[in-house]
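Below is one structure, written out as structure tokens, with a few remarks after it.
Per chain, numbering begins at 1; letters A, B, ... match sequence-line order.
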There are 2 protein chains.
Amino acid sequence: MTSIDDVAHASGVSIATVSRALRGLPNVSEATRQRIQGIAEELGYVASSSASGLASGRTLAMGVVAPSVSRWFYTTVIEGIDSALRDANYDMILYNLASRGGDRERVFHRSILRKRTDALIAVGMDFTAAEREQLLSLGHPTIMIGGPVRGIRHIGIEERGVAQEATEYLISLGHRDIAHIGGDDDEGLNRQVPLGRRRGFLDAMQAAGISTRDDWMMSGGFSLTVSRAVINELFDRPGPRPTAIFANSDEMAIGAMLAAMDHGVSIPGDLSVIGIDNHDLSESFGLTTMAQDPYEQGSLGARILLDDLTGGPLSRKTSVRATARLLRRRSTAPPQR
Amino acid sequence: MTSIDDVAHASGVSIATVSRALRGLPNVSEATRQRIQGIAEELGYVASSSASGLASGRTLAMGVVAPSVSRWFYTTVIEGIDSALRDANYDMILYNLASRGGDRERVFHRSILRKRTDALIAVGMDFTAAEREQLLSLGHPTIMIGGPVRGIRHIGIEERGVAQEATEYLISLGHRDIAHIGGDDDEGLNRQVPLGRRRGFLDAMQAAGISTRDDWMMSGGFSLTVSRAVINELFDRPGPRPTAIFANSDEMAIGAMLAAMDHGVSIPGDLSVIGIDNHDLSESFGLTTMAQDPYEQGSLGARILLDDLTGGPLSRKTSVRATARLLRRRSTAPPQR
DNA sequence: GTGAAAGCGCTAACAT
DNA sequence: ATGTTAGCGCTTTCAC
């Protein structure tokens, strides 16, 4: 591999000048810079990140911890982060850290704390007290996306309020028989998200003086397939059916819509459905939802950290509340009477 | 940050012994090792990856290049890679490199070639001749997953044969009016995949003496939504409808199934559908498919590279053909006459 | 505007 | 079994 020495020799200058020239630092004459760049290119020289990381103390890499890369929310956040990092010429180290147990502890130690990154962005994760402490002692900028964690800056929607707004919309249409699809996200472990949304649902119901039914508080595992099965099972039960469903995510809402199809229940005639997210598939299904923008959340999170590192405009920015707005589509309507 | 010196001082040994002890090398007495490990833990010492990377020449990181992280295939491969890397204590650097253009060239240069990784695994990508050359000159182990690229080792199913088998199955059920959903994958750019599958479809049709119709060769963009729209449009057309559809991916096949629902076309009564993949959703939809296992492909790819690096059993392994097998479910049946 | 030299924090020979 | 020492390939003072 060609090293900086090779370039220096070939250009007849010192390695210091090569270093400056290639990084665009001042105090190098334009002529020399051009020449050095040409020669470096010719030789196929690329600086070693280990060496410059060691010498400068900056790795030009950002760590991203996520409990899953297959779920839409995480994936979309990651894409947003990626776009911001690319603009800054930063690389992304992806730590796919499952909830608890297993090698979580090991990965945390051997990898995350290994000074391979300049900053860390956590997506949809809870941290234990010990982990939080280690992160802080690591001393590099950290932010959390999706679900607040005590003591760590975060970006996310106001879970409870958003859920409340979704439920209120159903109520405003005239629904009173409303089921809720919640449930934990096995992979991620930020339990604050489903809990907050559930609270929001209950808030709205209570404020409207509508009683909830325990057997209509379903658990959909944040998955289309599970939700579909659960709602199919609900439709199989004797007795009254809900006229509306509020699901904690669009994927689960779509699962409910498919279950309705499975049972010949028409939407929105017999059943209204609302979700949270604005998933890629939602438009095609005509799903009404509280739309949020995880791509932007990810991108913003990365930009904040980058600015922390370089003293940019967003530097030292505190937690930010992301927005979610009601997106009316075809899956909601007043109940048929 | 505590460095190896701190640990050495605190333990009263040399830094060399600390290094050995912590890495589990021989020639350290069990007693000293225990003691050093305890002290290191206490001090919160974690080796700097830049420093050890520079000194040892190994970064303990693997690069993964993928054109998308949101598509099921890529995501699943990445999860497979991740599991193998975790076992080996390797980190993953994710390069989300869109097809061509944009900053592809820049990312390629400034990041991938920056010696941040020990090996590189590319998922569903084509490379230009120049890129291939640069990769080779980089000199570290490389493998490609999903779609062959000249001159680079790869892992993948035999696209053409698998598509042929899927089509033959429809034919064996008695279908003759078969549509094909193909089309390029915008994000990835390995055009060999859709081309191979299309060829396989045509092979089977031709071998059975069935003529194909150009207006039944659809383009579904490897996306559920696009495919659904395209098939809805097909059903809107006057004239005969196909009795079966072979789609290049399960996502597109499911899109077709939803379009059938949209049009009141019953499956498999009026229409049989077969895909390729065995996507997470496929079981729930009862979709017959040529099941492949991208998780395993990713994991195997990573293990091969890891073994290349360490001289393990899979070292220097050549390209491997992944398997895909017919998985019969409810979406296929003989045509109604 | 450019060069010399001192590290950055480790690993790997080579001693002992 | 442990210590000494010479780098790894850069960045960054400090001179000039």
Q: For the pair B:D82 and B:R86, evaluate salt bridge (Lys or Arg N to Asp or Glu O under 4.0 Å) and give the outcome as yes or no after the intermediate values.
A: CA-CA 6 Å; B:D82 183 76; B:R86 185 192 314 293; 2.6 Å; yes
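- If you check every strand for non-hydrogen atoms under 4.0 Å, B:R20 touches a base.
- Comparing C:dG3, D:dT4, D:dC10 against the side chain of A:T17 picks out C:dG3 as the nearest.
- Relative to the side chain of A:L54, the nucleotides C:dC10, D:dG9, C:dA12 differ in distance, and D:dG9 lies closest.
- In the set C:dT2, D:dG9, C:dG9, the nucleotide with an atom closest to the side chain of B:A55 is C:dG9.
- Residue A:V28 has its side chain nearest to C:dT2 when only C:dG3, C:dT2, C:dC10 are considered.
- Distance from the side chain of B:I4 is smallest for C:dT11 among the nucleotides D:dC10, C:dT11, C:dA4.
- Atom C1' of nucleotide C:dG3 and atom CG of A:N27 are separated by 13 Å, given to the nearest angstrom.
- With D:dT11, D:dG9, D:dG3 as the choices, the nucleotide that has an atom nearest any side-chain atom of A:S52 turns out to be D:dT11.
- Among the nucleotides D:dT11, C:dG9, C:dA12, the one closest to any side-chain atom of B:S56 is C:dA12.
- With sequence neighbours excluded, no residue forms a salt bridge (Lys or Arg N to Asp or Glu O under 4.0 Å) with B:E42.
- Checking B:E30 against B:Q34 by side-chain atom types alone, a donor-acceptor pair falls below 3.5 Å.
- Across all strands shown, B:T32 has heavy atoms under 4.0 Å from sugar-phosphate atoms exclusively, and none from any base.
- Listed nucleotides C:dC8, D:dT11, C:dT2 differ in distance to A:I15; the shortest reach to its side chain belongs to D:dT11.
- Using a cutoff of 4.0 Å between basic side-chain nitrogens and carboxylate oxygens, B:R116 and A:D91 are scored as salt-bridged.
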